[in-house]
Peer 1: 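Sharing a structure with you now.
Here the structure is a predicted model, which means the values were calculated and not measured.
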Amino acid sequence: MLTAFARAFKTPDLRKKLLFTLGIIVLYRIGAHVPVPGVNYANVETCMKQAGGNSGLFALVNMFSGGALLQITIFALGIMPYITASIILQLLTVVIPRLEALKKEGQSGQAKITQYTRYLTVALAVLQGTGLVATARSGALFQNCSVASEIVPSESIFTTITMVITMTAGTCLIMWLGELVTDRGIGNGMSILMFISIAAGFPGALWGIKKSGKLADGWIEFLAVIAVGLAMVALVVFVEQAQRRIPVQYAKRMIGRRSYGGTSTYIPLKVNQAGVIPVIFASSLLYIPALIAQFSGSKAEWAVWIGTNFTKGNHPVYIVTYFLLIVFFAFFYVAISFNPEEVADNMKKYGGFIPGIRAGRPTAEYLSYVLNRITWPGSLYLGLIALVPTVALVLFNANQNFPFGGTSILIIVGVGLETVKQIESQLQQRNYEGFLR
């Protein structure tokens, strides 16, 4: 990886792309520390110190915003509205025939879907920004803070509209910065900004574990967490690269005087076909009951039961529910993102077949069978990785922002691998020696 970056810096045009990407990253991190108008930042700092880095219910969104959510900055919403909009459009593509037709149109259809994603991102940003302002004004953003209800002193409509517009504009700016990195930088812009948001919290979280440690002034716990993190990165890299390759043979066809086909290839089915999306779905779904109980202020039995079982991440009911939801969403997402019937029809159309399997319906049934078998270890792996913060709560007395949590490691490793592949592919395009050997 380091060799690829070193070679990229020696290539003039790639060096410009890398420097441009670094400039966008610096601008993005500066915006994450600019407060929104109407916020009493002194009270925000007081509540941050009293919270001790524990984000509670808002841990996931705060992680994706690089810590900007709890500081209520112009980038407080981060890239989360865009991620949510992308996932919603991807799910609706299976349900709405018009979107499915656009997806099959190629680049023009994809551009139209991207435009719909932007519109939905703005709508979600307005909705989430309004919710954040209401949460901060009610004092629910920071629990057990003496000045939590004084973070937004003014209750005027003008102040609320100004804050919502500012945070929505911040989300639009993040979306634009990500597209700039994709077009003029090294590519994969949105994922790189997500990578930076998560990685920005690593130093503070690691130092917090060192300060709260008791063995050798906290250095034993610090080094133990580093070792666990390296082991998890190695495991995630191994599983993310693992795939089942199904061989495909294409028969020869004569079109005019030319012969086509007769080649052998394969269909790569990844063990973790769903990526990090099941973890995001499960985390978001588990926040809903706790948020309902918190904002209702009810003292009924159902609210007490939810507050007891779904507020703390180390409760057995929470752990079991979280694990089962991840497994369910892994199968659910794979079922809607990979269509065996469509793949089998495309293979049959171009004269392809799996050796030993008849074309058409038997091929679709075989692909579905293989996909179900490899999704089981992939979903169990996701569930176990996601439970690492729970183990950290017990062993290291860490907060919910444990640096090597399942979601953060999965995203960082996935984006890192994809970025290195893109850099290597661009280097190969500029220094291809295949015909010279």
Peer 1: Which distance, rounded to the nearest 0.5 Å, do you find between the OG of S379 and the CZ of F332?
Peer 2: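 The distance works out to 15.0 Å.
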Peer 1: Could you tell me whether the side chain of R137 reaches within less than 4.5 Å of the side chain of T160, counting heavy atoms only?
Peer 2: yes
Peer 1: Under a 4.0 Å threshold between the charged nitrogen and the carboxylate oxygen, would R358 count as salt-bridged to E365?
Peer 2: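 No.
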Peer 1: With side chain to side chain contact (heavy atoms under 4.5 Å, CB included) as the test, would you mind laying out the steps for V343 and N339 before giving the verdict?
Peer 2: CA-CA 6 Å; V343 175; N339 190 349; 5.8 Å; no
Peer 1: Apply side chain to side chain contact (heavy atoms under 4.5 Å, CB included) to the pair V181 and N188, showing each step before the final yes or no.
Peer 2: CA-CA 7 Å; V181 173; N188 214 15; over 6 Å; no
Peer 1: Between Y333 and Q273, do the side chains contain an N or O donor and an N or O acceptor separated by less than 3.5 Å?
Peer 2: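 No.
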Peer 1: Show, in sequence, the C-alpha distance, side-chain angles and deciding distance for F338 and L269, and conclude whether the side chain to side chain contact (heavy atoms under 4.5 Å, CB included) test is met.
Peer 2: CA-CA 10 Å; F338 186 89; L269 297 179; 3.7 Å; yes
Peer 1: Please tell me whether E100 and T93 have a donor and an acceptor in their side chains that are separated by less than 3.5 angstrom.
Peer 2: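 Side chains of E100 and T93: no pair found under 3.5 Å.
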Peer 1: Please verify the inter-ring angle class for Y366 with Y369; under 30° counts as parallel, over 60° as perpendicular, anything in between as tilted.
Peer 2: tilted
Peer 1: Does the side chain of T162 pick up a donor-acceptor pair with the side chain of T159 at under 3.5 Å?
Peer 2: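 The criterion, which ignores hydrogens and geometry beyond distance, is not satisfied for T159 and T162.
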Peer 1: Quick check: closest heavy atoms across C172 and V122, and the distance to 0.1 Å?
Peer 2: SG-CG2, 3.7 Å
Peer 1: Starting at CG of L92, measure out to CG of L99 and round the result to the nearest 0.5 Å.
Peer 2: 6.5 Å
Peer 1: How long is the gap from CD1 on I79 to CE on M175, to the nearest 0.5 Å?
Peer 2: 9.5 Å
Peer 1: Do you know which two heavy atoms are closest between V44 and Q71, and how far apart they sit?
Peer 2: CG1-CA, 3.8 Å
Peer 1: Would you check if I192 and I186 make a side-chain contact, meaning some heavy-atom pair closer than 4.5 Å?
Peer 2: yes
Peer 1: Please answer whether the main-chain N or O of A32 pairs with a side-chain N or O of T73 as donor and acceptor at a distance below 3.5 Å.
Peer 2: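 Yes, the answer is positive, given that a donor and an acceptor are paired below the 3.5 Å cut-off.
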Peer 1: Over all heavy atoms of both residues, which pair between Q243 and P268 is shortest? Give the atoms and the distance, please.
Peer 2: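 That would be OE1-CB, 3.7 Å.
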Peer 1: Do S264 and Y250 have side-chain N/O donor and acceptor atoms under 3.5 Å apart?
Peer 2: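 Absent: no donor and acceptor within the cut-off.
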Peer 1: Is the F331 ring parallel, tilted or perpendicular to the W376 ring (thresholds 30°, 60°)?
Peer 2: perpendicular
Peer 1: For residues R118 and E179, determine if any side-chain heavy atom of one lies less than 4.5 Å from a side-chain heavy atom of the other.
Peer 2: yes
Peer 1: Quick check: are there more than 12 heavy atoms from other residues, nucleotides or ligands sitting under 6.0 Å from CD of Q115?
Peer 2: yes
Peer 1: Where is the tightest heavy-atom contact between C47 and I151, given as atom of each residue plus distance?
Peer 2: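 C47 and I151 have their closest heavy atoms at SG-CD1, 4.3 Å.
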Peer 1: Is there a donor-acceptor pair under 3.5 Å between the side chain of T182 and the backbone N or O of G189?
Peer 2: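 A pair under 3.5 Å: yes.
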Peer 1: Could you tell me if the side chain of M167 sits less than 4.5 Å from the side chain of T171, heavy atoms only?
Peer 2: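 No; the side chains remain at least 4.5 Å from each other.
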Peer 1: Quick one: are Y119 and L124 in side-chain contact, heavy atoms under 4.5 Å?
Peer 2: no
Peer 1: So does A364 get a backbone contact from the side chain of S368, meaning a donor-acceptor N/O pair under 3.5 Å?
Peer 2: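 Not confirmed, S368 side chain does not pair with A364 backbone.
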Peer 1: Do Y82 and I174 touch side chain to side chain, with heavy atoms closer than 4.5 Å?
Peer 2: no
Peer 1: Write down the atom of I74, the atom of V36, and the distance for their closest heavy-atom approach.
Peer 2: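 Here I74 and V36 meet closest at N-CG2, 3.7 Å.
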Peer 1: Side chains of Y28 and L173, heavy atoms from C-beta outward: is any pair under 4.5 Å?
Peer 2: no
Peer 1: If I take atom CG from residue L193 and atom CG from residue L180, how far apart are they, to the nearest 0.5 angstrom?
Peer 2: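 So the gap between those two atoms works out to 10.0 Å.
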Peer 1: Test E240 against K270 for side chain to side chain contact (heavy atoms under 4.5 Å, CB included), laying out the working first.
Peer 2: CA-CA 7 Å; E240 291 296 319; K270 295 180 64 178; 3.8 Å; yes
Peer 1: Do T419 and V415 come within less than 4.5 Å of each other through their side chains, counting heavy atoms only?
Peer 2: yes
Peer 1: Check Y381 against N272 and note the closest heavy-atom contact, atom names and distance.
Peer 2: CE2-ND2, 3.9 Å
Peer 1: Looking at CD1 of I25 and CD1 of I30, how far apart are the two atoms once the value is rounded to the nearest 0.5 Å?
Peer 2: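 Nearest 0.5 Å value for the CD1-CD1 distance: 12.5 Å.
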Peer 1: Any side-chain donor-acceptor pair under 3.5 Å between T21 and R184?
Peer 2: no
Peer 1: Quick check for you: to the nearest 0.5 Å, what is the distance between L380 atom CG and T375 atom OG1?
Peer 2: 10.5 Å
